Amino acid sequence: MRDYKLDVANAIAQKVEELELEGILESIEVPPNKEMGDYAFPCFKLAKIFRKAPNMIAQEISEKVENGEYLERAEPAGGYVNFFVNKSSMAKSVVDEVISKGADYGKSDFGKGKKVIVEFSSPNIAKPFHIGHIRSTVIGNSIHKIYDAMGYDTVTVNHLGDYGTQFGKLIVAIKKWGDEKVIQENPIKELLKIYIKFHDEAEKEPALEDEARMWFKKLEDGDEEAQRLWKWIRDVSLIEFGRVYDMLGIKFDSYAGESFYSDKMDKIVGIMEDKSILKKSEGADIVDLEEHSMPPALIRKSDGSTLYITRDIAAAVYRKEHYDFFKNIYVVASQQNLHFKQWFKVLELMGFDWANECEHVPFGLVSLEEGTLATRKGRVVFLEDVLKKAVEKTTDIIKEKNPNLENIDQVARQVGIGAVIFQELYNNRIKDYTFSFDRTLSFEGETGPYVQYTHARACSVLRKAGEYDKDSIDYSVLTAADEFDLVKELEKMPKAVADACAKNEPHVVSRYVMDVAKAFNKFYHNNQIIIDDETLKNARLALVDATRQTIKNSLTLLGVESPERM
Ligand code: ARG
């Protein structure tokens with residue numbers, strides 16, 4: 001695809017000796033409204049070099065630059081030179097590129113040969129996989145796909161919370177009150193029940209806590225019964241989580257959870273001892289972080305058992321050795337900001353110069369609207385139930401709007417789940433937000449179904465038109481405002497993906513695809529596509545095809561499917 005910004009920069013650099021290409025490229029802007037052209041070159045900073053007023057400079061530059069095949073004209077406007085690209089040349093360059101690249105449009109090999117680990121979701125076993133987990137799961141999945149598209153070699157890790165003193169408690173609870181058959185049938189709900197019972201009972205009988213600690217110690221020491229029960233809890237939990245991952249279409253390369261590091265802890269503590277950063281405090285081992293204005297990191301309790309933070313440190317060291325990552329990303333709620341700051345600092349103090357290759361990508365809270373869900377006291381909102389409800393509601397909507405649609409079940413799943421995912425990814429990730437079914441599932445407004453519907457609409461036009469002649473498209477006819485606006489939107493996809501990657505922000509892609517959908521719908525409403533004029537029809541069909549492809553590729557990066565009919 002032609003880089004028109006580079007064309008503009010070259011046109012200036014060729015005629016204005018005093019300026020370097022690099023510097024020109026950096027200062028070129030996209031004007032806030034399209035009447036002012038496609039690119040603008042501000043001349044304000046040049047006043048000193050040329051000893052002239054910026055508007056004079058703009059005037060002179062616009063007279064000097066040559067128009068040609070790619071640039072239509074340059075006009076002075078105040079202190080700017082506004083550039084207008086040649087519309088048919090850009091239409092050809094963009095539409096050809098999208099159609100020839102197909103599913104690869106938007107991808108690059110920028111990150112080739114570099115390994116990036118994306119850790120996300122990471123729920124705690126034996127605990128509900130609830131609405132709060134959706135964010136890490138969905139944001140992480142999209143970030144992984146975006147890095148993939150940028151050519152990085154990605155590894156996805158689900159750092160399951162499958163270790164820690166709570167498993168001592170669960171083992172005690174199972175032994176005292178658990179019926180394995182009942183648990184097997186409804187694992188998470190039953191385990192949660194007896195876990196709560198443990199806490200109630202332990203308030204009356206504190207010795208239970210000691211018993212739980214003992215069982216966790218036994219587990220760490222490899223005791224057979226403790227291991228068997230723990231493994232069983234893990235297996236039944238994973239079956240439940242697996243159902244949600246299947247619904248979301250998510251797979252992980254590794255399920256190495258916290259337990260995976262249980263035998264890798266001594267080594268970590270050893271390094272801390274060698275570096276003399278470990279201190280005794282009331283029998284426990286800590287790393288003092290006062291100098292760095294943080295509370296101490298508790299590494300090992302007085303009974304020798306390790307902690308969440310110890311396992312995170314061990315996991316990072318393992319990952320560096322095992323994968324030699326270029327970047328190690330953690331998609332984890334902002335409530336854990338301090339935790340990550342602390343242990344990234346500990347890594348640094350341990351002498352690992354790659355500590356800065358670890359990155360915490362935080363996100364804000366999700367809450368539920370009053371009345372719809374979750375409000376009854378103590379009721380947990382299972383993610384699986386939310387997704388099921390989204391699919392059910394979508395089924396109703398589709399049955400009403402398009403009762404003759406084949407495979408309604410499949411489409412309802414794609415749209416219902418897609419809607420939830422899209423909504424998750426539509427805002428800056430750090431923002432808190434309130435989940436609303438009605439807003440999420442609307443076919444209008446800025447929602448997933450709206451974008452999916454636009455894609456289906458493009459598919460429908462192409463189906464109705466039958467084949468079009470891809471080999472002889474005359475792009476010079478695609479110069480009407482709606483057509484050119486759409487072309488310009490399509491052109492931005494590679495940049496949107498690169499931006500999203502640089503910021504770890506999937507919402508750059510979701511906002512982008514929304515702009516494409518809006519531009520397409522405007523074009524669609526103002527123009528007939530299947531018309532007698534073969535030349536124009538053919539060119540418009542190519543534009544529709546390129547739009548279909550761009551929307552599909554963008555939604556794929558978000559983890560959202562693109563049904564062809566809905
Ligand atoms: N299991 C933790 C939780 O549910 C999240 C784990 C985040 N990842 C990490 N490496 N600490 O809160």
Side-chain angles (χ1 to χ4, degrees), residues 116-141 143-144 154-167 169-170 188 191-192 195 216 230 233-234 237-238 240-242 244-245 250 252-262 264-265 268 287 294 297-299 306-323 325 327-347 352 354-355 357-366 380-384 429-430 504:
V116 172
I117 297 179
V118 187
E119 187 210 287
F120 63 98
S121 197
S122 310
N124 296 326
I125 66 166
K127 291 263 183 71
F129 197 9
H130 59 78
I131 183 79
H133 290 116
I134 196 175
R135 305 217 72 193
S136 170
T137 307
V138 164
I139 296 170
N141 186 48
I143 288 181
H144 145 240
T154 55
V155 180
T156 53
V157 179
N158 192 337
H159 187 76
L160 291 170
D162 60 0
Y163 224 56
T165 39
Q166 71 269 32
F167 294 98
K169 295 178 188 175
L170 263 178
I188 306 270
L191 289 171
L192 184 66
Y195 188 67
F216 179 57
W230 167 80
I233 300 171
R234 190 179 195 272
S237 304
L238 271 183
E240 279 212 41
F241 298 165
V244 175
Y245 293 135
I250 292 177
F252 292 90
D253 297 316
S254 160
Y255 286 86
E258 293 185 41
S259 67
F260 180 75
Y261 305 98
S262 60
K264 298 169 181 64
M265 235 68 96
I268 298 309
V287 176
M294 284 183 269
L298 180 54
I299 302 294
T306 56
L307 292 107
Y308 180 50
I309 198 167
T310 328
R311 293 187 278 277
D312 258 326
I313 296 167
V317 172
Y318 171 84
R319 286 178 199 173
K320 186 68 198 181
E321 283 172 2
H322 190 75
Y323 298 108
F325 54 73
K327 216 173 183 186
N328 179 22
I329 293 174
Y330 297 84
V331 183
V332 180
S334 59
Q335 286 111 306
Q336 298 198 27
N337 280 354
L338 177 62
H339 167 74
F340 280 93
K341 271 202 191 133
Q342 282 180 302
W343 75 260
F344 288 171
K345 183 51 84 182
V346 174
L347 277 183
F352 293 121
W354 47 264
E357 292 162 9
C358 296
E359 189 175 353
H360 176 207
V361 174
F363 53 82
L365 278 179
V366 53
V380 202
V381 179
F382 284 81
L383 184 47
E384 187 174 358
R429 60 181 152 70
I430 207 70
N504 298 314

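As the structure lists them, so they are numbered: ligands from 1, and atoms in each ligand from 1. Numbers here simply count residues along the sequence, with the first being 1. On a predicted model such as this, the values are computed, not experimentally measured, just so you know.
Aromatic pair Tyr163/Phe216: ring centres closer than 6.0 Å. Centroid-to-centroid, the aromatic rings of Phe120 and Phe252 come within less than 6.0 Å.
Qualifying side chain to side chain donor-acceptor pair (under 3.5 Å) partners for Ser259, counting only residues two or more places apart in sequence or in other chains: Asp162. The salt bridge (charged side-chain N to carboxylate O under 4.0 Å, His left out) check on Asp312 picks up nothing, with sequence neighbours excluded.
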In a table with atom names and distances, give each donor-acceptor pair under 3.5 Å that connects a side chain of residues 133-141 to protein atoms at least two apart or in another chain.
| residue | atom | partner | partner atom | Å |
| --- | --- | --- | --- | --- |
| His133 | ND1 | His130 | N | 3.1 |
| Arg135 | NE | Glu424 | OE1 | 2.9 |
| Arg135 | NH1 | Gly364 | O | 3.2 |
| Arg135 | NH1 | Arg429 | O | 3.4 |
| Arg135 | NH1 | Lys431 | O | 3.2 |
| Arg135 | NH2 | Glu424 | O | 3.4 |
| Ser136 | OG | Ser121 | N | 2.7 |
| Ser136 | OG | Val331 | O | 2.8 |
| Thr137 | OG1 | Ser121 | OG | 2.9 |
| Thr137 | OG1 | His133 | O | 2.7 |

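Pocket lining of ligand 1, defined as residues with a non-hydrogen atom under 4.0 Å away: Glu119, Ser122, Asn124, His159, Tyr308, Asp312, Tyr330, Val332, Gln336, Phe340.
The aromatic rings of Phe340 and Tyr330 sit tilted relative to each other, their planes meeting at an angle between 30° and 60°.
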